[in-house]
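What follows is a single structure, written as C-alpha coordinates, with notes after it.
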Amino acid sequence: MPHVLVVDDDPVIADLVAFRLGRLGLEVSVEADGEAGLAAARALHPDLVVLDWMMPRMNGLEVCAALRADADAGLARTPVLLLTAKAQEPDLERGFAAGATDFVAKPFSTRELISRVTAALPPGSIPA
Amino acid sequence: MTALPGPVLLLSTGVTGLVVLLLLSVGGAHLARRRREQRDASRRAALTPLVYNLLDGEQTAQSLADAPAVLDDVVLHLLPQLRGNDRQVLRDLLVARGVVDRAAEQLSARAPWRRGRAAMLLGATGSTRHTPDLVTLLEDRSPDVRSAATRALGKAGDVAAVPYLLAALTTFRPVPSGIVGMAVLDLGTPALPALRTALDSGTASARALSASLLGLHGDLPAVAALTAALDDPGAPPHVRRAAAGALGRIGAPQAGDALSRVTVFAVDPALRQAAAEALGRIGDPDCVPALAAGMSASDLRVRTACADALASITPEGRDRLRALGALDGPAAPAARAALDAVSSAAPRSLAGAS
(Lines give C-alpha, C1' and ligand atoms only; values in the text may rest on other atoms or scores of the structure.)
Protein backbone atom coordinates (compact mmCIF):
# COMPACT_ATOMS: atom_id res chain seq x y z
CA MET A 1 0.00 0.00 0.00
CA PRO A 2 1.54 3.38 -1.00
CA HIS A 3 2.53 5.62 1.86
CA VAL A 4 1.86 9.38 1.67
CA LEU A 5 3.39 11.93 4.03
CA VAL A 6 1.25 15.06 4.50
CA VAL A 7 3.08 18.11 5.92
CA ASP A 8 0.87 21.10 6.72
CA ASP A 9 0.77 23.39 9.74
CA ASP A 10 -3.02 23.78 9.47
CA PRO A 11 -4.34 20.73 11.33
CA VAL A 12 -7.79 20.93 9.74
CA ILE A 13 -6.35 20.90 6.22
CA ALA A 14 -3.84 18.19 7.11
CA ASP A 15 -6.65 16.09 8.63
CA LEU A 16 -8.89 16.59 5.61
CA VAL A 17 -6.15 15.60 3.18
CA ALA A 18 -5.21 12.59 5.32
CA PHE A 19 -8.86 11.57 5.56
CA ARG A 20 -9.46 11.75 1.80
CA LEU A 21 -6.22 9.94 0.95
CA GLY A 22 -6.92 7.34 3.62
CA ARG A 23 -10.27 6.70 1.93
CA LEU A 24 -8.35 5.91 -1.25
CA GLY A 25 -6.67 3.09 0.61
CA LEU A 26 -3.36 4.87 1.09
CA GLU A 27 -1.31 4.78 4.26
CA VAL A 28 -1.00 8.38 5.48
CA SER A 29 1.31 10.09 8.00
CA VAL A 30 0.91 13.72 9.05
CA GLU A 31 3.48 16.27 10.27
CA ALA A 32 2.84 19.88 11.27
CA ASP A 33 6.06 21.69 10.26
CA GLY A 34 8.82 21.50 7.71
CA GLU A 35 11.54 20.27 10.02
CA ALA A 36 9.40 17.44 11.39
CA GLY A 37 8.24 16.70 7.85
CA LEU A 38 11.80 16.30 6.59
CA ALA A 39 12.71 14.07 9.53
CA ALA A 40 9.61 11.95 8.92
CA ALA A 41 10.42 11.66 5.22
CA ARG A 42 13.92 10.41 6.07
CA ALA A 43 12.54 7.93 8.59
CA LEU A 44 9.51 6.68 6.66
CA HIS A 45 10.62 6.87 3.01
CA PRO A 46 7.10 7.70 1.77
CA ASP A 47 6.02 7.14 -1.82
CA LEU A 48 4.75 10.71 -2.04
CA VAL A 49 5.02 13.91 0.02
CA VAL A 50 2.14 16.41 0.05
CA LEU A 51 3.76 19.60 1.25
CA ASP A 52 2.45 23.01 2.29
CA TRP A 53 4.71 25.91 1.26
CA MET A 54 4.36 28.38 4.11
CA MET A 55 5.17 26.58 7.35
CA PRO A 56 7.09 27.31 10.55
CA ARG A 57 10.72 26.28 11.04
CA MET A 58 11.36 25.11 7.47
CA ASN A 59 9.19 26.18 4.57
CA GLY A 60 7.99 23.79 1.92
CA LEU A 61 10.56 24.86 -0.67
CA GLU A 62 13.40 24.28 1.78
CA VAL A 63 12.04 20.82 2.61
CA CYS A 64 11.67 20.06 -1.08
CA ALA A 65 15.21 21.19 -1.87
CA ALA A 66 16.57 19.19 1.10
CA LEU A 67 14.79 16.06 -0.13
CA ARG A 68 16.20 16.50 -3.63
CA ALA A 69 19.69 16.94 -2.20
CA ASP A 70 19.44 13.92 0.13
CA ALA A 71 22.21 11.35 -0.09
CA ASP A 72 19.60 8.59 -0.28
CA ALA A 73 18.88 8.44 -4.01
CA GLY A 74 15.47 6.84 -3.42
CA LEU A 75 14.37 9.63 -1.09
CA ALA A 76 15.78 12.27 -3.44
CA ARG A 77 13.45 10.96 -6.17
CA THR A 78 10.28 10.98 -4.01
CA PRO A 79 7.50 12.87 -5.78
CA VAL A 80 6.57 16.08 -3.98
CA LEU A 81 3.17 17.73 -4.42
CA LEU A 82 3.09 21.33 -3.21
CA LEU A 83 -0.29 22.27 -1.73
CA THR A 84 -0.09 26.03 -1.49
CA ALA A 85 -1.77 29.40 -1.78
CA LYS A 86 1.39 30.58 -3.56
CA ALA A 87 0.59 29.50 -7.07
CA GLN A 88 1.32 32.53 -9.24
CA GLU A 89 3.62 32.09 -12.21
CA PRO A 90 6.84 33.09 -10.36
CA ASP A 91 5.86 30.83 -7.45
CA LEU A 92 5.43 27.89 -9.82
CA GLU A 93 8.87 28.58 -11.26
CA ARG A 94 10.43 28.65 -7.80
CA GLY A 95 8.57 25.53 -6.73
CA PHE A 96 9.58 23.50 -9.75
CA ALA A 97 13.14 24.81 -9.50
CA ALA A 98 13.24 23.54 -5.91
CA GLY A 99 12.21 20.11 -7.14
CA ALA A 100 8.41 20.00 -6.78
CA THR A 101 6.72 17.40 -8.95
CA ASP A 102 3.37 19.15 -9.13
CA PHE A 103 1.23 21.89 -7.55
CA VAL A 104 -2.23 22.06 -6.08
CA ALA A 105 -3.32 25.67 -5.54
CA LYS A 106 -5.23 26.68 -2.41
CA PRO A 107 -8.18 27.14 -2.30
CA PHE A 108 -8.20 23.58 -3.55
CA SER A 109 -10.64 20.92 -4.61
CA THR A 110 -10.21 17.57 -2.92
CA ARG A 111 -11.14 15.88 -6.21
CA GLU A 112 -8.28 17.65 -7.98
CA LEU A 113 -5.93 16.76 -5.15
CA ILE A 114 -6.86 13.08 -5.43
CA SER A 115 -6.36 13.19 -9.20
CA ARG A 116 -2.91 14.71 -8.82
CA VAL A 117 -1.91 12.31 -6.05
CA THR A 118 -3.03 9.41 -8.23
CA ALA A 119 -1.02 10.78 -11.16
CA ALA A 120 2.10 11.28 -9.02
CA LEU A 121 2.09 7.69 -7.72
CA PRO A 122 3.15 4.76 -9.90
CA PRO A 123 0.30 3.51 -12.12
CA GLY A 124 -1.82 0.84 -10.45
CA SER A 125 -0.44 1.53 -6.98
CA ILE A 126 -3.74 2.78 -5.59
CA PRO A 127 -6.00 -0.07 -4.47
CA ALA A 128 -9.08 -0.45 -6.69
CA MET B 1 2.50 41.98 70.22
CA THR B 2 -0.12 44.76 70.14
CA ALA B 3 -3.70 43.65 69.35
CA LEU B 4 -5.35 45.45 66.42
CA PRO B 5 -8.30 47.65 67.36
CA GLY B 6 -11.71 46.13 66.55
CA PRO B 7 -12.70 48.24 63.47
CA VAL B 8 -9.26 47.82 61.82
CA LEU B 9 -9.39 44.07 62.37
CA LEU B 10 -12.87 43.97 60.93
CA LEU B 11 -11.82 46.01 57.90
CA SER B 12 -8.72 43.93 57.20
CA THR B 13 -10.70 40.72 57.55
CA GLY B 14 -13.29 42.08 55.16
CA VAL B 15 -10.65 43.14 52.62
CA THR B 16 -8.92 39.75 52.88
CA GLY B 17 -12.24 38.02 52.39
CA LEU B 18 -12.98 40.13 49.32
CA VAL B 19 -9.55 39.38 47.85
CA VAL B 20 -10.06 35.64 48.46
CA LEU B 21 -13.52 35.85 46.87
CA LEU B 22 -12.10 37.71 43.88
CA LEU B 23 -9.33 35.15 43.44
CA LEU B 24 -11.84 32.32 43.71
CA SER B 25 -14.15 33.89 41.15
CA VAL B 26 -11.27 34.55 38.70
CA GLY B 27 -10.04 31.00 39.18
CA GLY B 28 -13.56 29.69 38.72
CA ALA B 29 -14.03 31.69 35.54
CA HIS B 30 -10.72 30.36 34.17
CA LEU B 31 -11.72 26.83 35.04
CA ALA B 32 -15.12 27.24 33.43
CA ARG B 33 -13.57 28.69 30.28
CA ARG B 34 -11.04 25.88 30.10
CA ARG B 35 -13.78 23.31 30.49
CA ARG B 36 -15.83 25.04 27.81
CA GLU B 37 -12.83 25.10 25.46
CA GLN B 38 -12.11 21.44 26.16
CA ARG B 39 -15.74 20.56 25.55
CA ASP B 40 -15.76 22.54 22.29
CA ALA B 41 -12.49 20.94 21.20
CA SER B 42 -13.81 17.44 21.84
CA ARG B 43 -17.06 18.32 20.05
CA ARG B 44 -15.06 19.71 17.13
CA ALA B 45 -12.96 16.56 17.04
CA ALA B 46 -16.12 14.45 17.00
CA LEU B 47 -17.89 16.56 14.38
CA THR B 48 -14.98 17.17 11.99
CA PRO B 49 -15.07 13.63 10.49
CA LEU B 50 -18.76 14.19 9.79
CA VAL B 51 -17.84 17.26 7.71
CA TYR B 52 -15.26 15.17 5.86
CA ASN B 53 -17.94 12.51 5.29
CA LEU B 54 -20.22 15.23 3.96
CA LEU B 55 -17.50 16.27 1.49
CA ASP B 56 -17.14 12.63 0.55
CA GLY B 57 -20.87 12.40 -0.18
CA GLU B 58 -21.51 9.97 2.66
CA GLN B 59 -23.49 12.39 4.79
CA THR B 60 -26.22 14.89 3.91
CA ALA B 61 -26.34 18.54 4.93
CA GLN B 62 -29.75 17.90 6.45
CA SER B 63 -28.34 15.24 8.78
CA LEU B 64 -26.02 17.88 10.25
CA ALA B 65 -28.60 20.66 10.42
CA ASP B 66 -29.05 20.35 14.19
CA ALA B 67 -25.45 19.55 15.16
CA PRO B 68 -23.85 21.75 17.88
CA ALA B 69 -22.77 25.27 16.93
CA VAL B 70 -19.04 24.42 17.00
CA LEU B 71 -19.60 22.63 13.70
CA ASP B 72 -19.89 26.06 12.09
CA ASP B 73 -16.35 26.90 13.26
CA VAL B 74 -15.02 23.85 11.43
CA VAL B 75 -16.99 24.67 8.29
CA LEU B 76 -16.04 28.36 8.32
CA HIS B 77 -12.37 27.43 8.76
CA LEU B 78 -12.46 25.02 5.82
CA LEU B 79 -14.64 27.10 3.50
CA PRO B 80 -12.04 29.63 2.27
CA GLN B 81 -9.48 26.83 1.73
CA LEU B 82 -11.68 24.81 -0.60
CA ARG B 83 -13.27 25.43 -3.96
CA GLY B 84 -15.52 23.84 -6.51
CA ASN B 85 -17.94 21.18 -5.35
CA ASP B 86 -16.38 21.03 -1.88
CA ARG B 87 -17.13 24.68 -1.33
CA GLN B 88 -20.69 24.34 -2.57
CA VAL B 89 -21.31 21.43 -0.22
CA LEU B 90 -20.12 23.48 2.75
CA ARG B 91 -22.22 26.47 1.67
CA ASP B 92 -25.29 24.25 1.45
CA LEU B 93 -24.58 23.01 4.97
CA LEU B 94 -24.43 26.58 6.32
CA VAL B 95 -27.71 27.38 4.58
CA ALA B 96 -29.33 24.23 5.98
CA ARG B 97 -28.17 25.17 9.48
CA GLY B 98 -29.64 28.69 9.17
CA VAL B 99 -26.21 30.31 9.54
CA VAL B 100 -26.66 32.39 6.39
CA ASP B 101 -30.10 33.68 7.36
CA ARG B 102 -28.93 34.57 10.85
CA ALA B 103 -25.95 36.45 9.43
CA ALA B 104 -28.24 38.37 7.05
CA GLU B 105 -30.32 39.47 10.04
CA GLN B 106 -27.18 40.66 11.81
CA LEU B 107 -26.27 43.00 8.94
CA SER B 108 -28.49 45.63 10.57
CA ALA B 109 -27.33 44.94 14.14
CA ARG B 110 -26.58 47.92 16.35
CA ALA B 111 -23.01 46.84 17.19
CA PRO B 112 -20.52 47.45 14.34
CA TRP B 113 -18.62 44.24 15.12
CA ARG B 114 -21.80 42.23 14.61
CA ARG B 115 -22.47 43.91 11.25
CA GLY B 116 -18.86 43.41 10.16
CA ARG B 117 -18.80 39.77 11.28
CA ALA B 118 -22.07 39.07 9.51
CA ALA B 119 -20.75 40.68 6.32
CA MET B 120 -17.58 38.61 6.41
CA LEU B 121 -19.54 35.43 7.03
CA LEU B 122 -21.86 36.11 4.10
CA GLY B 123 -18.85 36.80 1.92
CA ALA B 124 -17.22 33.54 3.01
CA THR B 125 -20.35 31.59 2.16
CA GLY B 126 -20.33 33.10 -1.33
CA SER B 127 -23.91 34.17 -1.00
CA THR B 128 -24.76 36.46 -3.95
CA ARG B 129 -28.34 36.68 -2.65
CA HIS B 130 -27.16 39.30 -0.18
CA THR B 131 -25.17 41.50 -2.58
CA PRO B 132 -27.62 44.46 -2.23
CA ASP B 133 -27.35 44.32 1.58
CA LEU B 134 -23.57 44.24 1.43
CA VAL B 135 -23.56 47.12 -1.08
CA THR B 136 -25.59 49.17 1.40
CA LEU B 137 -22.93 48.50 4.04
CA LEU B 138 -20.30 50.10 1.77
CA GLU B 139 -21.55 53.40 3.22
CA ASP B 140 -21.81 52.20 6.80
CA ARG B 141 -20.82 54.75 9.45
CA SER B 142 -18.10 52.38 10.72
CA PRO B 143 -14.94 52.18 8.56
CA ASP B 144 -14.37 48.62 9.78
CA VAL B 145 -17.81 47.56 8.59
CA ARG B 146 -17.26 49.27 5.24
CA SER B 147 -13.98 47.38 4.83
CA ALA B 148 -15.59 44.10 5.88
CA ALA B 149 -18.45 44.60 3.41
CA THR B 150 -15.95 45.43 0.65
CA ARG B 151 -13.92 42.26 1.22
CA ALA B 152 -17.12 40.25 1.57
CA LEU B 153 -18.34 41.43 -1.83
CA GLY B 154 -15.07 40.24 -3.31
CA LYS B 155 -15.28 36.85 -1.61
CA ALA B 156 -18.95 36.41 -2.54
CA GLY B 157 -18.00 36.43 -6.21
CA ASP B 158 -20.81 38.57 -7.63
CA VAL B 159 -19.32 40.71 -10.44
CA ALA B 160 -22.43 42.88 -10.40
CA ALA B 161 -20.82 44.47 -7.34
CA VAL B 162 -17.83 45.90 -9.26
CA PRO B 163 -19.40 49.31 -10.10
CA TYR B 164 -20.47 49.69 -6.47
CA LEU B 165 -17.04 48.74 -5.22
CA LEU B 166 -15.39 51.30 -7.49
CA ALA B 167 -17.96 53.92 -6.48
CA ALA B 168 -17.03 53.27 -2.84
CA LEU B 169 -13.65 54.91 -3.54
CA THR B 170 -15.20 58.36 -3.74
CA THR B 171 -18.30 58.38 -1.56
CA PHE B 172 -18.82 60.58 1.48
CA ARG B 173 -17.36 57.70 3.52
CA PRO B 174 -14.77 56.25 1.15
CA VAL B 175 -13.20 52.80 1.33
CA PRO B 176 -9.39 52.75 0.90
CA SER B 177 -8.23 51.93 -2.61
CA GLY B 178 -6.14 48.94 -1.45
CA ILE B 179 -9.15 47.24 0.12
CA VAL B 180 -11.33 47.83 -2.94
CA GLY B 181 -8.50 46.54 -5.13
CA MET B 182 -8.19 43.31 -3.13
CA ALA B 183 -11.94 42.77 -3.32
CA VAL B 184 -12.01 43.26 -7.08
CA LEU B 185 -9.01 40.96 -7.48
CA ASP B 186 -10.89 38.32 -5.49
CA LEU B 187 -13.61 38.49 -8.14
CA GLY B 188 -11.06 37.36 -10.72
CA THR B 189 -11.26 37.66 -14.49
CA PRO B 190 -15.08 37.92 -14.62
CA ALA B 191 -14.59 41.49 -13.30
CA LEU B 192 -12.54 42.54 -16.36
CA PRO B 193 -15.42 43.88 -18.53
CA ALA B 194 -16.59 46.11 -15.67
CA LEU B 195 -13.02 47.33 -15.12
CA ARG B 196 -12.64 48.18 -18.82
CA THR B 197 -15.87 50.19 -18.62
CA ALA B 198 -14.68 52.00 -15.50
CA LEU B 199 -11.35 52.83 -17.16
CA ASP B 200 -13.24 54.69 -19.88
CA SER B 201 -15.96 56.37 -17.90
CA GLY B 202 -15.41 56.16 -14.15
CA THR B 203 -14.23 58.73 -11.64
CA ALA B 204 -10.51 59.50 -11.59
CA SER B 205 -9.96 57.14 -8.62
CA ALA B 206 -11.96 54.38 -10.30
CA ARG B 207 -10.04 54.87 -13.55
CA ALA B 208 -6.67 54.69 -11.79
CA LEU B 209 -7.58 51.57 -9.81
CA SER B 210 -9.16 49.93 -12.86
CA ALA B 211 -6.00 50.59 -14.87
CA SER B 212 -3.82 49.04 -12.17
CA LEU B 213 -6.05 45.97 -11.85
CA LEU B 214 -6.25 45.48 -15.61
CA GLY B 215 -2.46 45.55 -15.61
CA LEU B 216 -2.27 42.98 -12.81
CA HIS B 217 -4.57 40.73 -14.82
CA GLY B 218 -2.41 41.23 -17.94
CA ASP B 219 -5.57 42.16 -19.83
CA LEU B 220 -4.61 42.47 -23.52
CA PRO B 221 -8.03 43.76 -24.68
CA ALA B 222 -7.52 46.81 -22.42
CA VAL B 223 -4.27 47.88 -24.10
CA ALA B 224 -5.94 50.40 -26.48
CA ALA B 225 -7.93 52.05 -23.68
CA LEU B 226 -4.89 52.10 -21.39
CA THR B 227 -2.80 53.67 -24.14
CA ALA B 228 -5.49 56.30 -24.71
CA ALA B 229 -5.58 57.08 -20.98
CA LEU B 230 -1.78 57.37 -20.89
CA ASP B 231 -1.74 59.65 -23.92
CA ASP B 232 -4.53 61.92 -22.68
CA PRO B 233 -2.93 65.14 -21.37
CA GLY B 234 -6.26 66.08 -19.77
CA ALA B 235 -6.39 62.91 -17.66
CA PRO B 236 -5.36 63.20 -14.00
CA PRO B 237 -1.66 62.33 -13.50
CA HIS B 238 -2.40 59.35 -11.23
CA VAL B 239 -4.63 57.82 -13.91
CA ARG B 240 -1.89 58.25 -16.51
CA ARG B 241 0.72 56.77 -14.14
CA ALA B 242 -1.52 53.78 -13.43
CA ALA B 243 -2.06 53.29 -17.17
CA ALA B 244 1.70 53.38 -17.77
CA GLY B 245 2.29 50.82 -15.00
CA ALA B 246 -0.44 48.58 -16.41
CA LEU B 247 0.98 48.70 -19.94
CA GLY B 248 4.35 47.68 -18.56
CA ARG B 249 2.85 44.79 -16.63
CA ILE B 250 0.93 43.62 -19.66
CA GLY B 251 4.12 43.94 -21.70
CA ALA B 252 2.36 45.63 -24.58
CA PRO B 253 4.91 46.60 -27.29
CA GLN B 254 2.12 48.36 -29.24
CA ALA B 255 2.11 50.98 -26.45
CA GLY B 256 5.81 51.66 -27.00
CA ASP B 257 5.27 54.88 -29.00
CA ALA B 258 2.93 56.40 -26.42
CA LEU B 259 5.18 55.39 -23.53
CA SER B 260 8.21 56.80 -25.35
CA ARG B 261 6.44 60.15 -25.94
CA VAL B 262 5.51 60.37 -22.27
CA THR B 263 9.01 59.39 -21.14
CA VAL B 264 10.54 62.20 -23.21
CA PHE B 265 7.94 64.99 -23.19
CA ALA B 266 5.63 64.70 -20.16
CA VAL B 267 5.91 67.40 -17.51
CA ASP B 268 5.23 65.27 -14.41
CA PRO B 269 8.50 63.51 -13.42
CA ALA B 270 6.58 60.70 -11.67
CA LEU B 271 4.67 60.02 -14.87
CA ARG B 272 7.89 60.04 -16.94
CA GLN B 273 9.41 57.62 -14.42
CA ALA B 274 6.39 55.28 -14.64
CA ALA B 275 6.54 55.34 -18.45
CA ALA B 276 10.28 54.59 -18.46
CA GLU B 277 9.78 51.68 -16.03
CA ALA B 278 7.06 50.33 -18.31
CA LEU B 279 9.38 50.52 -21.31
CA GLY B 280 11.96 48.59 -19.32
CA ARG B 281 9.42 45.86 -18.59
CA ILE B 282 8.38 45.67 -22.24
CA GLY B 283 12.00 45.49 -23.33
CA ASP B 284 11.47 46.64 -26.92
CA PRO B 285 14.80 47.75 -28.53
CA ASP B 286 12.87 50.31 -30.61
CA CYS B 287 12.36 52.32 -27.41
CA VAL B 288 16.09 52.70 -26.67
CA PRO B 289 16.32 56.18 -28.31
CA ALA B 290 13.46 57.51 -26.15
CA LEU B 291 15.00 56.09 -22.99
CA ALA B 292 18.38 57.54 -23.95
CA ALA B 293 16.69 60.92 -24.46
CA GLY B 294 15.09 60.54 -21.01
CA MET B 295 18.57 60.22 -19.56
CA SER B 296 19.02 63.97 -20.05
CA ALA B 297 16.04 64.80 -17.82
CA SER B 298 16.70 67.23 -14.99
CA ASP B 299 14.92 64.95 -12.49
CA LEU B 300 17.13 62.19 -11.04
CA ARG B 301 14.17 59.75 -10.72
CA VAL B 302 13.57 59.97 -14.46
CA ARG B 303 17.23 59.48 -15.31
CA THR B 304 17.47 56.50 -12.94
CA ALA B 305 14.31 54.88 -14.31
CA CYS B 306 15.52 55.36 -17.88
CA ALA B 307 18.93 53.91 -17.03
CA ASP B 308 17.39 50.87 -15.31
CA ALA B 309 15.08 50.37 -18.28
CA LEU B 310 17.99 50.55 -20.72
CA ALA B 311 19.90 48.04 -18.61
CA SER B 312 17.05 45.56 -19.02
CA ILE B 313 17.15 45.77 -22.83
CA THR B 314 19.99 43.62 -24.10
CA PRO B 315 22.19 44.22 -25.93
CA GLU B 316 20.96 47.53 -27.42
CA GLY B 317 20.06 49.26 -24.15
CA ARG B 318 23.26 48.24 -22.37
CA ASP B 319 25.37 49.32 -25.33
CA ARG B 320 23.73 52.76 -25.17
CA LEU B 321 24.32 52.90 -21.40
CA ARG B 322 28.02 52.16 -21.90
CA ALA B 323 28.21 55.00 -24.40
CA LEU B 324 26.38 57.37 -22.05
CA GLY B 325 28.51 56.29 -19.10
CA ALA B 326 31.67 57.14 -20.97
CA LEU B 327 30.56 60.74 -21.52
CA ASP B 328 30.43 63.68 -19.15
CA GLY B 329 27.11 65.09 -18.00
CA PRO B 330 24.17 64.23 -15.73
CA ALA B 331 23.39 60.96 -17.57
CA ALA B 332 26.76 59.38 -16.91
CA PRO B 333 26.45 58.55 -13.17
CA ALA B 334 22.99 57.00 -13.63
CA ALA B 335 24.23 54.99 -16.62
CA ARG B 336 27.26 53.68 -14.74
CA ALA B 337 25.15 52.86 -11.64
CA ALA B 338 22.65 50.88 -13.73
CA LEU B 339 25.45 48.91 -15.42
CA ASP B 340 27.11 48.24 -12.05
CA ALA B 341 23.79 46.98 -10.64
CA VAL B 342 23.38 44.60 -13.56
CA SER B 343 26.93 43.27 -13.39
CA SER B 344 26.86 42.76 -9.61
CA ALA B 345 23.41 41.16 -9.48
CA ALA B 346 23.80 37.79 -7.73
CA PRO B 347 22.01 34.76 -9.10
CA ARG B 348 18.69 34.31 -7.34
CA SER B 349 18.54 31.62 -4.65
CA LEU B 350 15.48 29.49 -5.15
CA ALA B 351 15.46 27.02 -2.32
CA GLY B 352 16.21 29.51 0.43
CA ALA B 353 13.36 31.85 -0.39
CA SER B 354 10.38 31.79 1.92
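In what follows, chains are A, B, ... by sequence order, proteins preceding strands, each numbered from 1.
The contact between B:Leu82 and chain A is made by backbone and side chain atoms together, counting heavy-atom distances below 4.5 Å. With a 4.5 angstrom heavy-atom cutoff, A:Ala105 touches chain B only via backbone atoms. Within the 4.5 angstrom heavy-atom criterion, no atom of B:Leu79 approaches chain A. With a 4.5 Å cut-off on non-hydrogen atoms, A:Asp15 touches chain B through its backbone and its side chain both. Contact of A:Phe108 with chain B is made through backbone and side chain together, with heavy-atom distances under 4.5 Å. Looking at B:Asn85, the atoms closer than 4.5 Å to chain A (heavy atoms on both sides) all sit in the side chain, from C-beta outward. For B:Glu58, the part sitting under 4.5 Å from any heavy atom of chain A is the side chain, from C-beta outward, and nothing else.
At a cut-off of 3.5 Å, with distance as the only test, no side-chain donor of B:Thr189 or B:His217 sits close to an acceptor on the other residue.
Looking at A:Glu112 and A:Arg116, a side-chain N of the basic residue comes within less than 4.0 Å of a carboxylate O on the acidic one, giving a salt bridge. In summary, A:Asp8 and A:Lys106 engage in a salt bridge, as defined by a charged side-chain N under 4.0 Å from a carboxylate O.
Within the 4.5 Å cutoff, side-chain heavy atoms of A:Arg68 are placed close to those of A:Val80.
Between B:Asp72 and the choices B:Arg43, B:Arg97, B:Arg44, the salt bridge (charged side-chain N to carboxylate O under 4.0 Å, His left out) rule is met once, by B:Arg97.
Considering only residues two or more places apart in sequence or on other chains, A:Pro79 meets the side chain to side chain contact (heavy atoms under 4.5 Å, CB included) condition with A:Leu48, A:Thr101, A:Ala120.
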